[in-house]
Amino acid sequence: MILVSCVQKVKNDNPLLNDFDTPFGVPPFDLIKASHFKPAYLKAFEEQKAEIKAIINNPSEPDFNNTIKMLTYSGELLNKVGRVFGALNSANTNDSLQAINREIAPVSSRHRDDINLNDTLFRRVKSVYDKRDNLNLTGEEKKLLEDTYKDFVRSGAALPPESKEKLRKINEELSMLQVKFGQNLLAETNGFKLILDRKEDLSGLPEGVIEQAASMAKSLKMDGKWVFTLQVPSMTPFLQYSDNRDLREKLFTGYFMKGDNDNEYDNKSIIARIAKLRVERSKLLGYKSFADYALERNMAKTPEKVFEFLGQVWDAALPVAKAEAAAQQELINQEGGKFKLEPWDWWYYSEKIKKSKYDLDDEITRPYFRIDNVMEGMFYVANRLYGLNFTKRSDIPKYHPDVNTFEVTRDGKHVGILMIDNYPRPSKRGGAWCGTFRSQKRDLNGKMVYPVVTMVTNSTMPSAEKPSLLTAMEAETLFHEFGHALNNLLSNITYPGSSIPRDFVELPSQIMEHWVLEPEVLKVYAKHYQTGEVIPLEIVEKLDKASKFNMGFTTVEYLAASLLDMEYHALTEPVDLDIRDFENKAMDKYGLIKEIKPRYRSTYFNHIWGGGYSAGYYSYIWCEVLDSDAFQAFRETGDIFNPAVAARFEKEILSKGGSGDPLEMYVAFRGKEPGIDALLENRGLK
Ligand SMILES: [Zn+2]
């Protein structure tokens, strides 16, 4: 017998500090406890500090490899821990994780500033940057070098010491305020419930919606009652169908007053402070406003450009929304209602008009949009376009029983892992998003690192009687997030570190929405959940005809939120805002009609206060110019699955991530710059 001695790596009892010994290296969720995060973070900060020190102390002349590359690959552990923590804290949080978030956010902010504001490190980066044209770099390397240098400057590395000190304080306070905002919002969303115990209060509601509400009540130990929440899949059908106007008002008021109830979870003073600090910070860095700072690195470049673009679409959409409101008022009058249309009436009357005009409502299509079938549909599209295959795996750790995990392959080769987590719960924040537990890259030795991607939605839940049956809009949201997932899965870059600009990143997601209701795709996945019957052509035609219905409203409520975002972030002086007053004046300025509320009011606008869409909520419609035009590239060939166009989209856009200039990437795909026409046509606003 021969004894082979090998050096065994000492296993740590904190799983976050070990290599993930799981299929495909997904995080070992079954072993990770909340108590592991803080020590893992502290160790990760130490590790990156040591890595930075090694870069600074390197006696050789600074060059791309010993400075830019080493910096890009530093903080591997922090990245790993941060991604797991961030994903769990968004999708499956609890009191312990929230407490850790409050504690770690300011430490994390200090740690980042220790790197970004380090003089010696910045001098090394700058000396490489200054000779960038003589370094023989690849396009991706050059972009990384420029991004790294600009990131330092934009973080304040070139400022005098007293400004740096101010900046550190602002960053730290901002990091804590943003966490508080998100935690308040979750508490406010979970804090409101519409509890019904009389059958007559259910008047107008479809059977499936009632079953959902009964299931919800049961899960809250209120058997025999019906509960509606502020989660969109629960609230929207109530607003669409409930005949009881007072209850509609009660539920919708609960929604649009989130964070504005003058209680312990009120967000007004928090966002006033965030807005003010953002102006101060931007001015310290030499910008006129936060929007000037944020947009510099986007496609749009300047606030003026964004205002101009939003204004163009606003002018086209507002008259359409006004006409929609007038039609609803007319219906109210006809029915003998002696009241003026209010925001909580909109869904109800628009649904009625849709029904009479197109003989179509969500309840007719829901049976064909069983969630498993919709996912089959999106996998089918990805297969036709990019040759990807999705295989369900049950041997992979998951962070919640609702998660479904798929291995993605192409030509039999591993591409990545995709986790999908679809249903609302009190531990999950609202909305839908896509992220990664591990992003694609090549490691320091050039070896491929495969992505582990997660997409999260808040879709209609199964009830005791029925599986999850989606609205067409919810199916579209799944396709949207799946588009982000494809962007991550098909990424083929070397270096991590260059991020995709906010106003470009919605192109890969939104283009996927174009396939969801295509007849060719519907006939593959839209099958009745009981009979298996394919969605009848007649319904497909109705869906197509109704696709531009209510677009005035949809566009205006979205644009109102985008303009609100821009108004906050175009402020050029750090003033103390009265939030209600500011919001009202901003909306009056554009002539928003009072029957429509902005899609997000200030106090629950997580995109701009907590998420990464500050001065960036406009990105969705900005990208719609791109995705409408890009989908035309498929249409023009007469084949929505045209392999050559798909290959070009993957090569020039999806695979490149943030490694190129967005407009150049787009033109390389399309051969020309996009115009606004396809967007207006897409929305029926021409
Ligand atoms: Zn998106």
Side-chain angles (χ1 to χ4, degrees), residues 83 86-87 90-91 182 232-233 294-295 297-300 306 310 313 374-375 378 381-382 385 418-422 424 428-437 439 451 453-459 470-491 499-517 554-555 557-559 561-562 565 599-600 604-631 649 653-654 656-658 662 665-666 674 679 682-683:
R83 278 172 198 265
S90 295
V232 171
L295 293 167
R297 297 283 292 275
N298 279 8
M299 277 184 93
V306 174
L310 292 177
V313 192
V374 175
M375 289 200 289
M378 68 195 197
V381 173
L385 292 172
L418 174 61
M419 299 182 191
I420 307 184
D421 174 7
N422 277 329
K428 197 193 265 191
R429 68 175 166 84
W433 63 94
C434 175
T436 53
F437 284 107
S439 294
V453 181
T454 169
M455 57 177 269
V456 184
T457 71
N458 278 283
S459 306
L470 304 182
T471 63
M473 182 101 81
E474 288 180 306
E476 195 176 285
T477 299
L478 270 181
F479 271 61
H480 176 109
E481 298 309 331
F482 184 62
H484 286 305
L486 290 176
N487 199 182
N488 284 306
L489 288 163
L490 293 173
S491 166
S499 53
I500 308 177
R502 190 56 74 188
D503 59 0
F504 192 62
V505 78
E506 300 301 333
L507 164 61
S509 53
Q510 290 183 171
I511 194 169
M512 283 305 291
E513 297 174 21
H514 290 270
W515 276 274
V516 68
L517 296 183
T554 308
T555 311
E557 66 145 17
Y558 164 78
L559 288 176
S562 306
D565 168 28
R599 182 172 300 172
Y600 297 99
Y604 53 92
F605 205 164
N606 186 59
H607 285 84
I608 69 166
W609 306 120
Y613 286 78
S614 332
Y617 193 63
Y618 75 90
S619 300
Y620 295 94
I621 201 148
W622 177 276
C623 286
E624 201 174 317
V625 172
L626 303 173
D627 67 70
S628 309
D629 183 70
F631 189 65
F649 194 72
I653 307 227
L654 296 178
K656 285 200 168 148
M665 283 158 64
Y666 189 82
L679 158 77
N682 193 36
R683 290 191 169 233

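Computed from heavy atoms alone, side chains included, the values below leave out hydrogens, waters and symmetry copies. Both counts, for ligands and for their atoms, begin at 1 and track the order of listing.
If you take CG on Asp421 and OG on Ser90, they are separated by 11.0 Å, rounding to the nearest 0.5 Å. Note: Met455 CE to His480 NE2 = 10.0 Å, rounded to the nearest 0.5 Å. Rounded to the nearest 0.5 angstrom, Gln510 CD and Ser628 OG are separated by 8.0 Å. For the atom pair Met378 CE and Phe479 CZ, the distance stands at 7.5 Å (nearest 0.5 Å).
Protein N/O/S atoms closer to the Zn ion (ligand 1) than 2.8 Å number 3 in this structure.
By the side chain to side chain contact (heavy atoms under 4.5 Å, CB included) test, Ala87 is found to be paired with Phe437, residues two or more places apart in sequence or in another chain being considered.
For Arg599 against Tyr604, the heavy-atom pair with the smallest separation is O-CE1, 4.1 Å.
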